[in-house]
Each structure stands twice: as structure tokens, then as C-alpha cells.
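Only heavy atoms go into these numbers, but all of them, side chains included; no hydrogens, no water, no symmetry mates.
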Amino acid sequence: MNNENPSQMGNGIDERSRELIRTRILSKLKDIKSFPQFVLETMRKLNDPSSSASDVAKSLSRDEGLVLRVLKLANSAAYGSTRNISNITEAITKLGYKSVSNIILAASVYSAMDKGLSGYALDRGELWRHSLMVAYTSRYIAKMTGKVATEDAYVGGLLHDIGKVILNDYVRFGYGIIVKMVEEENIPFTEAESRVLGFDHAMVGAILAEKWELPDSYQVAVAYHHKPNDLPEDKKEFQPLLDVVTLSNSICLMLGIGLGADGLQSYMFPEPLERLGIQDFDNLMADMVDFAGSVTRDMNEMAGF
């Protein structure tokens, strides 16, 4: 006779432990601070068509590091600078609101994403490198296909794995159970995460994006980047962005960038390629291989935040 508790069968963890983990995850999410008030204020102004560059500059000037980053980018060769720009209002006008918003967002999440995540077998900097590469790849695919605004694609790519920062300790605790479930039942890592812990990193990331008051489009890209074909009907307007982020994530994992513990169980969905109208996938992969070097250079530069 099998005396094993039914709640322990199949995943090796009892329901009481699972409930405790869920409670702690929710508590940790509750304790996560939102962006500093000036960041939220600045991003609101960047999203307000009636705000002037001087309005944005006044808010942004409360952080010297961000001011220097914006000025540095405005004076870079990438923006065709022919003279030195030292005025932050002028720099904001030159870069455009979307680019400035991305700089602020990247700086705000950098410290959280640059840590090592042993639960996902990611060394320090690997999550940041993966996220940045997915962001750049998303922007490239968005420009190539014309289906999504390039800067929206960048942000969706940058944030897609942010939930791993919260879930790391709990994945580490249940790692053996999760991996065993993946291997024995041939299911995705995220499904095993959810069944063992009550959450997967995509769900947790979407909760964070909502707490940070980010637009619905980014919340959707984070929540569904491992299941792009399951988007609810009332969210279909965000399908192109989701497809771009999902495809970019798959490409980066295929290139071995930020592979981690869950990357080996990743699945390449053909539907995003079809919906985006991409027919020459091999050529796209070749472009991304060439692209990886420039992303690494930018990553080293961003380490100065």
C-alpha cells in the first residue's frame, strides 16, 4: 500500500510547503520598492505629449548619473553628434523621449539584474547580458518587420526575465524537484516552476511590471513570453510585441547568451515567425551573431550606471 501523501506525489513537495513558498513570494513582491518617485515622475512626463523637454530635464536633473548618461549618449557617434552638447534639455530633444525613457528604465533595473542567480545557474552579469541582448534583438526585429515600435520592443525585451530576480531563491530551494519534473514529464521549465512553487518567473515579472506602473503592453510581453500562442483575445493588440520578444529570447538562448538552468528546456515557437512574416530565419540568426559583439561593448559601458 502506498502511504505517500497525495499532495506530495508527482512533485516531491507537500502542499503546506508550497503554500508557504507562495506566501513568501507574495510578501517579497509586496516589499519590493517601486521606482524612485522622480523616476516615475520623469517617465510620466516623457509619456505626456504636452510636456516640454525642459519639464523632463527639470525632473531628470535630480539624478546626476542619469544626466551624465543622457549627455554621453547625445554626444555619441551613434547619434551623429558633430558638436559637444552640454545642456540636458538639448540632449533630451536630440535623443527623443522614447530613447531617454529607455535609458532611465535600464538604469533603474540594472542593479537588480546584474546579480548572480544561482537558482537559475546564472553567474553575475549573465541575466543582464541576456536581457540586454534580447532588448537589442527585439529592437532589431521590430525595425526589420515594421510590426512594432522599436523602442517598445527594446523595453519588452529588457524586462522579459525580471521575475527571475524575485524567484531565484525559491527556484534554488526546489531546483532538484523542478528539473526532475521537466525531465520525467517532458514539460517546460516554467510549467514545472509554477507547479512546484505556485508561480513562474513570467508571472512574477508581470506583477512587478504592474507594480512599477508600466504600460499593459510590457506586462503582457513579460507574462506571456514563454507562451505566445496563449494570449487572451482581449490582449491581442499586443501580439506583435509579444512575438518579437518571444522570438528574440529564443534566438539569444540558441546563441547561448544567458542560457542558465531553464534555457536548455526552451522551445522555439514557429508561430511568431509566421505572424511577423519572417521567412529567412538563418539569415536573421547570422545577423544576431554579428550583433552580439556590439551589445557586449554597450553592456560594459552601461556597467558605469
Side-chain angles (χ1 to χ4, degrees), residues 34-114 125 128-144 146 148-159 162 212-215 217-218 241 244 248 287-288 290-305:
S34 185
F35 293 136
Q37 191 57 41
F38 89 90
V39 170
L40 293 173
E41 177 187 323
T42 305
M43 292 184 72
R44 286 193 192 103
K45 288 181 178 179
L46 287 165
N47 288 316
D48 182 357
S50 66
S51 292
S52 67
S54 60
D55 291 332
V56 175
K58 183 178 180 181
S59 180
L60 185 62
S61 294
R62 290 158 67 182
D63 189 292
E64 183 181 357
L66 285 174
V67 169
L68 291 174
R69 173 65 182 163
V70 170
L71 287 172
K72 184 175 183 179
L73 189 60
N75 284 294
S76 70
Y79 282 85
S81 184
T82 56
R83 63 182 180 82
N84 185 58
I85 296 174
S86 58
N87 181 282
I88 186 61
T89 302
E90 185 180 354
I92 290 168
T93 301
K94 180 172 184 176
L95 293 173
Y97 282 12
K98 280 288 188 181
S99 292
V100 175
S101 181
N102 288 352
I103 293 169
I104 295 171
L105 191 59
S108 299
V109 301
Y110 169 76
S111 59
M113 296 178 73
D114 191 48
W128 177 245
R129 179 170 176 253
H130 172 75
S131 299
L132 194 60
M133 183 64 185
V134 173
Y136 277 71
T137 303
S138 294
R139 185 158 62 187
Y140 181 91
I141 293 174
K143 184 176 181 180
M144 179 183 73
V148 183
T150 55
E151 298 310 314
D152 287 345
Y154 176 93
V155 174
L158 185 71
L159 296 175
I162 190 67
W212 290 340
E213 301 181 30
L214 297 177
S217 56
Y218 303 146
L241 174 61
V244 165
S248 299
D287 289 344
M288 291 303 99
D290 294 338
F291 204 44
S294 62
V295 172
T296 300
R297 288 193 296 273
D298 285 351
M299 175 184 168
N300 292 336
E301 181 180 320
M302 285 187 181
F305 282 149

Quiz prompt | Interatomic spacing from CE in Met43 to CG in Leu60 - rounded to 0.5 Å | solution = 11.5 Å
Quiz prompt | Heavy-atom closest pair, residues Ala91 and Val70 | solution = CB-CG1, 4.0 Å
Practice problem: Would you check if Leu132 and Leu158 make a side-chain contact, meaning some heavy-atom pair closer than 4.5 Å? | Solution: yes
Practice problem: Would you give the length of the straight line joining atom CD1 of Ile141 to atom CE of Met288, rounded to the nearest 0.5 angstrom? | Solution: 6.5 Å
Quiz prompt | Heavy-atom closest contact (Val244 atom, Ala153 atom, distance) | solution = CG1-CB, 4.1 Å
Quiz prompt | Contacts of Lys58 that satisfy salt bridge (charged side-chain N to carboxylate O under 4.0 Å, His left out) - sequence neighbours left out | solution = none
Practice problem: Quick one: do Trp212 and Val109 satisfy side chain to side chain contact (heavy atoms under 4.5 Å, CB included)? Show the steps, please. | Solution: CA-CA 11 Å; Trp212 290 340; Val109 301; 4.1 Å; yes
Self-check item: From Glu151 atom CD to Lys143 atom NZ, the distance as rounded to the nearest 0.5 Å
Solution: 10.5 Å
Practice problem: With sequence neighbours excluded, tell me which residues meet side-chain contact (heavy atoms from CB on, under 4.5 Å) with Ala53. | Solution: Thr89, Ile92, Thr93, Tyr97
Quiz prompt | Distance-only donor-acceptor check, side chains Ser248 and Thr137, under 3.5 Å | solution = no
Self-check item: Beyond-backbone contact of Ile104 with Leu46, side-chain heavy atoms, under 4.5 angstrom
Solution: yes
Exercise. Grab the two heavy atoms, one from Val39 and one from Ser108, that are nearest each other, plus how far apart they are.
Key: CG1-OG, 3.8 Å
Quiz item: Taking the side chain as C-beta and beyond, is there a heavy-atom pair between Ser217 and Asp152 under 4.5 Å?
Solution: no
Exercise. Go through the steps to decide whether Tyr154 and Lys98 satisfy the test side chain to side chain contact (heavy atoms under 4.5 Å, CB included), and finish with yes or no.
Key: CA-CA 10 Å; Tyr154 176 93; Lys98 280 288 188 181; over 6 Å; no
Quiz prompt | Pair Leu105-Leu159, side chain to side chain contact (heavy atoms under 4.5 Å, CB included): steps then yes or no | solution = CA-CA 9 Å; Leu105 191 59; Leu159 296 175; 4.0 Å; yes
Quiz item: Any ion pair linking Glu41 and Lys45 (charged N to carboxylate O, less than 4.0 Å)?
Solution: yes
Practice problem: State the OG-CG distance between Ser131 and Asp114, to the nearest 0.5 angstrom. | Solution: 10.5 Å
Quiz item: About how many Å separate CG of Leu66 and CD of Glu64, when rounded to the nearest 0.5 Å?
Solution: 10.5 Å
Quiz item: Do you know the tightest heavy-atom contact between Asp48 and Ser50?
Solution: OD1-OG, 2.7 Å
Self-check item: Nearest non-hydrogen partners of Ala57 and Ile88, listed with the distance
Solution: CB-CG2, 3.7 Å
Exercise. Mind checking the CZ-CG spacing from Arg44 to Asp55? Nearest 0.5 Å is all I need.
Key: 14.5 Å
